[in-house]
Amino acid sequence: MIIFGTKGYLYQLAILTLVCAQCGNPAAHTLRKRVTKFTLFFVPLFPVSTKYATQCTFCGAEHKVTKEQAEQLQAQAVGGPGGQGYGQHPQQQPYQS
């Protein structure tokens, strides 16, 4: 008998101050990365999919972003030109779903 499946991991990459497209308020947004990994006997082996999104902390609206946009937002949060973010936590453990 072989036991296999998938498991999701959620990483918080940065917190940014952006204007929300849903509610129009300038609020903090979390930049998140969701990775789904293939598991064999409950051991995660390799990533199957990776998705990026920002979530407004004011209204809770979530917007998907591309990998390139996520990298730009993360660079902005670290302190790039015009960065208004609060930084990142490089060694943060993922949330498991």
Side-chain angles (χ1 to χ4, degrees):
M1 179 165 78
I2 298 175
I3 300 172
F4 64 93
T6 60
K7 186 167 188 170
Y9 296 89
L10 185 63
Y11 298 91
Q12 181 172 318
L13 301 176
I15 299 176
L16 303 147
T17 302
L18 303 169
V19 176
C20 181
Q22 183 76 24
C23 65
N25 290 312
H29 284 68
T30 57
L31 177 62
R32 296 179 177 170
K33 173 179 161 181
R34 178 177 294 278
V35 179
T36 304
K37 293 187 178 183
F38 176 80
T39 61
L40 183 63
F41 294 105
F42 306 104
V43 177
L45 295 177
F46 55 88
V48 176
S49 73
T50 303
K51 298 178 182 176
Y52 296 89
T54 60
Q55 184 176 18
C56 177
T57 57
F58 188 81
C59 69
E62 189 169 315
H63 299 282
K64 294 180 183 177
V65 294
T66 64
K67 181 179 179 180
E68 292 78 20
Q69 290 171 330
E71 289 171 352
Q72 289 176 352
L73 289 170
Q74 193 172 7
Q76 179 182 344
V78 173
Q84 297 177 347
Y86 299 106
Q88 75 179 52
H89 307 283
Q91 298 299 324
Q92 184 177 11
Q93 294 296 316
Y95 300 106
Q96 297 182 3
S97 56

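Given the structure is predicted, the values throughout are model-derived calculations rather than measurements. The first residue of the sequence shown is numbered 1, and numbering continues consecutively from there.
In this structure, V48 and F38 approach most closely via the heavy-atom pair CG2-N, 3.6 Å. Nearest approach of C56 to C59, heavy atoms of both residues: SG-N, 3.5 Å. Of all heavy-atom pairs between E62 and A53, the closest is OE2-CB, 3.6 Å. Closest non-hydrogen pair, L16 versus A77, comes out as CD2-CB, 3.4 Å. Between Q55 and G60 the shortest heavy-atom distance is NE2-O, 3.3 Å. Residues T6 and T39 come closest through the heavy atom pair N-OG1, 3.8 Å.
Side-chain contact between Y52 and L73 is absent, with no heavy atoms from C-beta onward closer than 4.5 Å.
Follow the hydrophobic side-chain contacts under 4.5 Å out from F46 and you never reach V35; the two are in separate clusters.
For the pairing with I15, the side chain to side chain contact (heavy atoms under 4.5 Å, CB included) check across T57, L31, T30 returns one residue only, T30. The one candidate from K33, R34, R32 that meets the side chain to side chain contact (heavy atoms under 4.5 Å, CB included) condition with Y11 is K33.
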Using the rule given for side chain to side chain contact (heavy atoms under 4.5 Å, CB included), can you reason through T50 versus K67, listing the C-alpha separation, both sets of side-chain angles and the distance that settles it, and then say yes or no?
CA-CA 9 Å; T50 303; K67 181 179 179 180; over 6 Å; no
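We find the NE2-CG distance between H29 and L18 to be 5.5 Å, quoted to the nearest 0.5 Å.
The local environment of CZ in F42 is sparse, with at most 12 non-hydrogen atoms from other residues, nucleotides or ligands closer than 6.0 Å.
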